[in-house]
Amino acid sequence: MTVDWLIVGAGFAGSVLAERIASVRNESVLLVDRRDHVAGNAFDTFDEHGVLIHRYGPHLFHTNSQQVWDYLSQFTEWHPYEHRALALVEGQFVPIPFNFQSLRLLWPEDAARDLQTRLIAEYGSGVRVPILRMLQHGDAAIRELARYIYDHIFAGYTRKQWDLNPEQLDPSVTARVPVQIGDDDRYFQDRFQAMPRDGFTALFRRMLGHPNIQTRLATDYRNLSPSVQWRRMIYTGPVDEFFDYRHGHLPYRSLRFEFRHHAGGPFQPTATVNYPNSEPYTRITEFKHVTGQDVAGTTVAVEYPQPHRPGENEPYYPVPRPESAAIHEKYQAEIAALNGNPLFLGRLADYRYYNMDQVVARALKVFEEIEGGTSAGTGLEAGRAPTL
Ligand code: FAD
Ligand code: UDP
């Protein structure tokens, strides 16, 4: 059998490209994934109690990109959903990202009012300030507040999640959850925030329904029979694994998820509760809050961070820090030497801490390059995170 394209990985990166190539270019695609399902880490499924759960941890969709939103909207209706989270701090549940509501819960009234005035004067209302930046502020009262937030919300959580202190990671990691100057307690402020109405897996099934696409699951591309031939290839798995670790292992963090079902419910007041300082886990998410599903009982996912052990658990998080960037550069040079065949993209192949919408944007960009005949030799650009 000969196909125009072999695509490795049926997550967002591989599936968006499979869909575009099949429907716009009318070319044949063999899409393989070594797991037994499509959707990659965004996979969702009904558990034995009929609750829709995300097997690889809670996935909340949000984007500022009209292009990404319009593209995905071809394959799903949406359930409007804005994510909110709480963190257990000194025995109290306070909103995360830390905002003025959290401040008023933890500080005496007068002190909270004074700090709010100072923060607005220094940063402006509605601004989001990364904690590592706030720690550098010239005003001692603001620095003291930043130190409190760092100690009670970031230090313990980050050590659990990464086995590192916040300063040992690229500042963009803790900047994902900045301090909010104001009362807005939403986790994301993107223009579009919603969940696919029938779930992510249903969205993928529609995306991959084109007759030019053949999907083979539980199949590692390295075990394909020699009779399968292809003209071009796209690879969305771990970049170090593709090159047999010849420049060493890139570090990844992994997680173990414990799914717990409760007959009653709701289990907790909001979708996610973070435990920065207590418990061996980082957070608990209750899916029904996110999906809006109307079903008896409730299921939660408890996240236990772990080191990644190839072959034993999944490489969920690239670890953004200079040591890994140095190894990654060597792999980027290998990619460039391959001159665009295969093309590499996705969270694991680009070794980037992408959200889903960034992966979709990246795949749409790669498709434009394929269409424009400029995709060969794009390897060195592969690590750039699209800004949305
Ligand atoms: P993946 O989904 O990892 O797909 C790659 C696929 O390649 C995998 O299915 C793998 O099995 C397959 N593969 C690898 N090697 C081979 C091989 N040799 N042969 C065959 N198949 C192979 N993003 C958000 O926007 N919002 C969120 O709330 C959010 N929450 C997240 C929570 C967690 C715990 C994690 C880990 C990620 C989260 N993300 C979230 C990020 C999101 O999962 C990713 O951005 C997105 O799924 C990456 O898509 P991808 O196609 O690049 O990779
Ligand atoms: N973080 C933290 N405390 C929190 C929430 C987040 O220290 O209560 C830090 C931590 O380092 C985490 C990072 O901010 O890994 C990014 O958090 P996010 O919720 O975006 O992580 P993800 O959903 O990608 O796991």
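Just so you know, residue 1 is the first one in the sequence shown, and it goes up from there. Just follow the structure's listing: the first ligand is 1, and inside any ligand the first atom is 1.
Of the N or O atoms in Glu241, none lie within a sub-3.5 Å distance of an N or O in ligand 1. Taking distance alone, with nitrogen or oxygen atoms compared against 3.5 Å, His62 stays at or beyond that limit from ligand 1. Checking only distances, Tyr317 never comes within under 3.5 Å of ligand 1, N or O to N or O. For ligand 1, the polar-atom distance check against Ala42 finds no nitrogen or oxygen pair separated by under 3.5 Å. Below 3.5 Å of separation, one finds no N or O of Tyr316 facing any N or O of ligand 1. Polar contact with ligand 1: present for Arg34 (N/O pair, distance under 3.5 Å). Checked by distance only, ligand 1 and Phe12 come closer than 3.5 Å through their nitrogen or oxygen atoms. On a distance-only criterion, Tyr221 and ligand 1 share at least one N/O pair closer than 3.5 Å. Of the polar atoms of Ala13, at least one N or O is found under 3.5 Å from an N or O of ligand 1, judged by distance alone.
When each atom of ligand 1 is checked for a heavy atom of Gly237 under 4.0 Å away, the hits are 14 (C), 15 (N). Near Tyr317, with a cut-off below 4.0 Å to any heavy atom, the atoms of ligand 2 are 22 (P), 24 (O), 25 (O). Of all atoms in ligand 1, listed by their number and element, those nearer than 4.0 Å to a heavy atom of Thr236 are 5 (C), 7 (O). Atoms of ligand 1 lying under 4.0 Å from at least one heavy atom of Leu255, given by number and element, are 34 (C). The atoms of ligand 2 that sit less than 4.0 Å from any heavy atom of Gln161 are 15 (O). Which parts of ligand 2 touch Ile153 is read off a 4.0 Å heavy-atom cut-off, strictly below it: atoms 2 (C), 3 (N), 4 (C), 7 (O), 8 (O). Heavy-atom proximity to Gly40, at under 4.0 Å, picks out these atoms of ligand 1: 2 (O), 9 (O).
The option from Arg352, Arg35, Met356, Arg253 that lies nearest to atom 23 (N) of ligand 1, judged by heavy atoms, is Met356.
From the protein, the heavy atom lying nearest to atom 43 (O) of ligand 1 is His59 NE2, 2.7 Å. Given atom 11 (O) of ligand 2, the protein heavy atom at minimum distance is Thr158 OG1, 2.9 Å. Closest to atom 22 (P) of ligand 2 among all protein heavy atoms lies Tyr353 OH, 3.4 Å. When only non-hydrogen protein atoms are considered, atom 9 (O) of ligand 1 lies nearest to Asp33 OD2, 2.7 Å. In terms of protein heavy-atom proximity, atom 7 (O) of ligand 1 is closest to Gly9 CA, 3.2 Å. The closest protein non-hydrogen atom to atom 18 (N) of ligand 1 is Asp220 OD1, 3.1 Å. The nearest protein atom to atom 15 (O) of ligand 2, hydrogens excluded, is given as Trp162 NE1, 2.8 Å; this is a heavy-atom distance. The protein atom (non-hydrogen) at minimum distance from atom 1 (P) of ligand 1 is Asn41 N, 4.1 Å. Shortest contact from atom 5 (C) of ligand 2 to any protein heavy atom: Asn274 ND2, 3.5 Å. When hydrogens are left out, the protein atom nearest atom 28 (O) of ligand 1 is Leu60 N, 2.7 Å; that is the closest non-hydrogen contact. For atom 41 (C) of ligand 1, the nearest non-hydrogen atom of the protein is Arg347 NH1, 3.3 Å. Of the protein's non-hydrogen atoms, Val173 O, 3.7 Å is the one closest to atom 14 (O) of ligand 2. When only non-hydrogen protein atoms are considered, atom 17 (O) of ligand 2 lies nearest to Val177 CG2, 3.5 Å. Protein heavy atom in closest approach to atom 20 (O) of ligand 2: Arg176 NE, 2.8 Å. When only non-hydrogen protein atoms are considered, atom 34 (C) of ligand 1 lies nearest to Tyr56 O, 3.3 Å. Nearest protein heavy-atom contact of atom 12 (C) of ligand 2 is Tyr157 CE2, 3.8 Å.
For Phe75 against Arg206, the heavy-atom pair with the smallest separation is O-NH1, 2.6 Å. Here the shortest heavy-atom pairing between Ile7 and Leu17 reads CD1-C, 4.0 Å. What you find for Val177 and Phe154 is that their closest heavy atoms are O-CZ, 3.2 Å.
Under a 4.0 angstrom heavy-atom cut-off, Thr219 registers as being in contact with ligand 1. Heavy atoms of Arg283 approach ligand 2 to within less than 4.0 angstrom. In this structure, Phe242 does not count as a contact residue of ligand 1, since none of its heavy atoms falls inside 4.0 Å of the ligand.
Within a 4.0 Å radius of atom 4 (O) of ligand 1, the protein has at least one heavy atom.
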Margin query: If you apply the rule side-chain contact (heavy atoms from CB on, under 4.5 Å), what do you find for Asn355 with Arg176, and how did you get there?
Written below: CA-CA 11 Å; Asn355 294 325; Arg176 290 169 62 90; 3.1 Å; yes
Item checked: From CA spacing to verdict: side-chain contact (heavy atoms from CB on, under 4.5 Å), Thr270, Val273 -> CA-CA 7 Å; Thr270 189; Val273 177; 4.2 Å; yes
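In summary, Glu334 and Lys330 do not engage in a salt bridge, as defined by a charged side-chain N under 4.0 Å from a carboxylate O.
Between Tyr81 and Phe61, the ring center distance fails the sub-6.0 Å criterion. Two rings, from Phe344 and Phe243, have their centers less than 6.0 Å apart. Aromatic ring centroids of Phe257 and Tyr56 lie 6.0 Å or more apart. A centroid separation of less than 6.0 Å is found between the aromatic rings of Phe287 and His54. The ring of Trp78 has its center no closer than 6.0 angstrom to the ring center of Phe192. For Tyr221 and Trp230, the ring centers are positioned 6.0 Å apart or more.
Between Asn212 and Asn26, the side chains place a donor N or O and an acceptor N or O closer than 3.5 Å (distance only, hydrogens not considered). Looking at Gln74 and Glu19, their side chains never bring a donor and an acceptor atom within 3.5 Å of each other.
Glu286 places a side-chain N or O within donor-acceptor distance of the main-chain N or O of Phe267, the cut-off being under 3.5 Å. Not one N or O on the side chain of Arg232 forms a donor-acceptor pair closer than 3.5 Å with the backbone of Trp5. Of the possible donor and acceptor atoms, none in the side chain of Glu369 sits under 3.5 Å from a partner among the backbone N and O of Thr374. Proximity of a side-chain donor or acceptor of Arg321 to a complementary backbone N or O of Gln168 within less than 3.5 Å is detected. The backbone N or O of Arg34 sits nowhere less than 3.5 Å from a side-chain atom of Asp220 that would complete a donor-acceptor pair.
Tested against Asn41 for a side chain to side chain donor-acceptor pair (under 3.5 Å), the candidates Arg55, Arg35, Glu314 yield a single pass: Arg35.
Contacts between Phe61 and ligand 1 below 4.0 angstrom, taking non-hydrogen atoms only, are absent altogether. Contact annotation: for Asn355 versus ligand 1, heavy atoms closer than 4.0 Å belong to both the backbone and the side chain. Using a 4.0 Å cut-off between heavy atoms, Pro58 contacts ligand 1 through its backbone alone, with no side-chain atom that close.
Cation-pi check for Arg222 over Phe242 is not met; the charged atom does not lie both under 6.0 angstrom from the ring centroid and within 45 degrees of its normal.
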